[in-house]
Amino acid sequence: MSTSARDRLIVGLDLPTIAEAERIVSTLGDDVAFYKIGYQLAFAGGLEFARDLAASGKKVFLDMKLLDIDNTVAKGVENIVRMGMSMLTLHAYPKAMKAAVDAAKGSDLCLLGVTVLTSMDAQDVIDAGYGSDPHTLVLRRAEQARAAGMGGIVCSAEEATAVRRIIGAEMAVVTPGIRATGAEKGDQKRVMTPAEAIRAGSSHLVVARPIVKAADPLSASRAILAEMEGVLSA
């Protein structure tokens, strides 16, 4: 796994239009190599934009959180492989993960199992019908993702250390909910700073609003990259 912060920072293009996403990518230039595209942008032409980004040499994390019957998941993954994506999320349900792993076999697509959303706390998990707390549920799904042959896990940085003990050193641990020191949490309930997340065992950090909504996105991204490099080079 690369030790370069540039390869491990993923900027979330959580924006309503392709024009805004294009402006951010242009502003960040060569400083940022990896972008995440989720539902908001995907449904505004973001899938074609994702193909264009990949064709331009950028890495793209397609955050679709797939979950469906096995065949539907497999066929979706096959087409996403053809798009040239670098990462793809699906909910960490064993059958869905196994279908996705089989469909992506032989490709460079890193499949990520979403454990528990970082916007959820203990009460949210109970309200969703689960009988365990978020931490326990995350660890159970990490075990299942490893068994299925997934490429990595998406979890809160708070769970990164425990997840790393379960999945080992080779799988990716991708953590959203990253906020610069002193920044507002927004709708995230389980957050960490970039340095804390790297020290906890995260391999990749997803940062959206602190960069794309900053008054100076390039300076914001450089500050986060510098914080990451400080830990990675220590």
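Both backbone and side-chain heavy atoms feed into the values below; hydrogens, waters and symmetry mates do not. In this chain, numbering begins with 1 at the start of the sequence shown.
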**Request:** Show your reasoning for whether side-chain contact (heavy atoms from CB on, under 4.5 Å) applies to Ile153 and Val138.
**Result:** CA-CA 9 Å; Ile153 290 294; Val138 167; 5.5 Å; no
**Request:** For side-chain contact (heavy atoms from CB on, under 4.5 Å), just list the numbers for Ser203 and Met171, CA-CA rounded to whole Å, side-chain angles, deciding distance to a tenth of an Å, and then say yes or no.
**Result:** CA-CA 9 Å; Ser203 62; Met171 289 176 66; over 6 Å; no
**Request:** Work out which heavy atom in Ala44 is nearest to a heavy atom in Pro16; give both atom names and the distance.
**Result:** CB-O, 3.5 Å
**Asked** In Å and rounded to the nearest 0.5 Å, what is the CG to CD distance from Leu137 to Glu159?
**Response** 9.5 Å
**Item:** Over all atoms of both residues, closest heavy-atom pair of Met228 and Pro194
**Value:** CG-CB, 4.1 Å
**Asked** Do Ile10 and Val207 have side chains that get closer than 4.5 Å, going by heavy atoms?
**Response** no
**Fill in**
Residues passing the side chain to side chain donor-acceptor pair (under 3.5 Å) test with Arg222, sequence neighbours excluded, are Asp31
**Request:** Applying ring pair (Phe, Tyr, Trp, His ring centres under 6.0 Å), name anything that partners Tyr130, two or more places apart in sequence or on another chain.
**Result:** none
**Prompt:** Can you find a pair of side-chain heavy atoms, one from Val114 and one from Leu67, that are under 4.5 Å apart?
**Reply:** no
**Item:** side chain to side chain donor-acceptor pair (under 3.5 Å) against Asp216, all qualifying residues, sequence neighbours excluded
**Value:** Ser219
**Message:** Quick one, Lys58 and Ser86 - any side-chain contact, counting heavy atoms below 4.5 Å?
**Reply:** no
**Prompt:** Okay, side chain of Arg6, backbone of Leu225: is any donor-acceptor separation there less than 3.5 Å?
**Reply:** no
**Request:** Please tell me if the side chains of Leu28 and Ile211 come closer than 4.5 Å, counting only heavy atoms from C-beta onward.
**Result:** yes
**Prompt:** Do any pairs count as a ring-ring contact (aromatic ring centres under 6.0 Å, His included) and have a residue in residues 45-91, sequence neighbours left out, and if so which ones?
**Reply:** none
**Request:** Could you pull out all residues at least two apart from Ala19 that satisfy side-chain contact (heavy atoms from CB on, under 4.5 Å)?
**Result:** Thr17, Arg23
**Complete:** Looking only at heavy atoms, the pair that brings Leu90 and Leu66 closest together is CB-O, 3.2 Å
**Item:** Side-chain ion pair, Glu48 and Arg51, N-O less than 4.0 Å
**Value:** yes
Using residues 95-113 as the side-chain source, report each donor-acceptor pair under 3.5 Å to any protein atom, sequence neighbours left out, with the distance given to one decimal.
from	atom 1	to	atom 2	distance (Å)
Lys98	NZ	Asp102	OD1	3.3
Lys98	NZ	Asp102	OD2	2.8
Ser107	OG	Ala104	O	2.7
Ser107	OG	Leu109	N	3.3

**Request:** Please round to the nearest 0.5 Å and tell me the distance separating atom CE of Met120 and atom OG of Ser156.
**Result:** 13.0 Å
**Prompt:** Arg164 side chain to Gly168 main-chain N or O, any donor-acceptor pair under 3.5 Å?
**Reply:** yes
**Asked** Under the salt bridge (Lys or Arg N to Asp or Glu O under 4.0 Å) rule, what pairs show up with a residue in residues 131-140, not counting sequence neighbours?
**Response** Arg140-Glu143
**Minimum heavy-atom distance Ser233-Glu229, with the two atoms named** = OG-O, 2.6 Å
**Shortest non-hydrogen contact between Thr27 and Pro217, atoms and distance** = CG2-CB, 4.5 Å
**Fill in**
Here the gap from Leu62 atom CG to Thr89 atom OG1, rounded to the nearest 0.5 Å, amounts to 7.0 Å
**Prompt:** Does the side chain of Ile198 reach to within under 4.5 Å of the side chain of Arg8, using non-hydrogen atoms?
**Reply:** yes
**Asked** Are Val154 and Lys65 close enough that some pair of their side-chain heavy atoms sits under 4.5 Å apart?
**Response** no
**Prompt:** At their closest point, which heavy atom of Ala50 faces which heavy atom of Met83, and how far apart are they?
**Reply:** CB-CE, 4.4 Å
**Prompt:** Listed by chain and number, what are the side-chain contact (heavy atoms from CB on, under 4.5 Å) partners of Ala200, not counting sequence neighbours?
**Reply:** Ala160, Thr161, Met192
Under 3.5 Å, which donor-acceptor pairs do the side chains of residues 68-81 form with other protein atoms, sequence neighbours left out?
from	atom 1	to	atom 2	distance (Å)
Asn79	OD1	Arg82	NH1	2.5

**Prompt:** Is it true that a side-chain atom of Arg146 and a backbone atom of Ile166 form a donor plus acceptor pair closer than 3.5 Å?
**Reply:** yes
**Message:** As an exercise, state the distance from CD of Gln144 to OG1 of Thr115, rounded to the nearest 0.5 Å.
**Reply:** 11.0 Å
**Complete:** By side chain to side chain donor-acceptor pair (under 3.5 Å), Lys59 pairs with (sequence neighbours left out) none
**Request:** Just jot down the side chain to side chain donor-acceptor pair (under 3.5 Å) partners of Ser202, sequence neighbours excluded, or say none.
**Result:** Thr175
Listed pairs under 3.5 Å, donor-acceptor, residues 34-41 side chains, sequence neighbours left out:
from	atom 1	to	atom 2	distance (Å)
Lys36	NZ	Asp14	OD1	3.0
Tyr39	OH	Met64	O	2.9
Gln40	OE1	Leu15	N	3.2

**Request:** Starting at CD1 of Ile224, measure out to CD1 of Ile178 and round the result to the nearest 0.5 Å.
**Result:** 9.0 Å
**Message:** Let me confirm one number: the CG-CE distance from Asp63 to Met85, rounded to the nearest 0.5 Å.
**Reply:** 13.0 Å
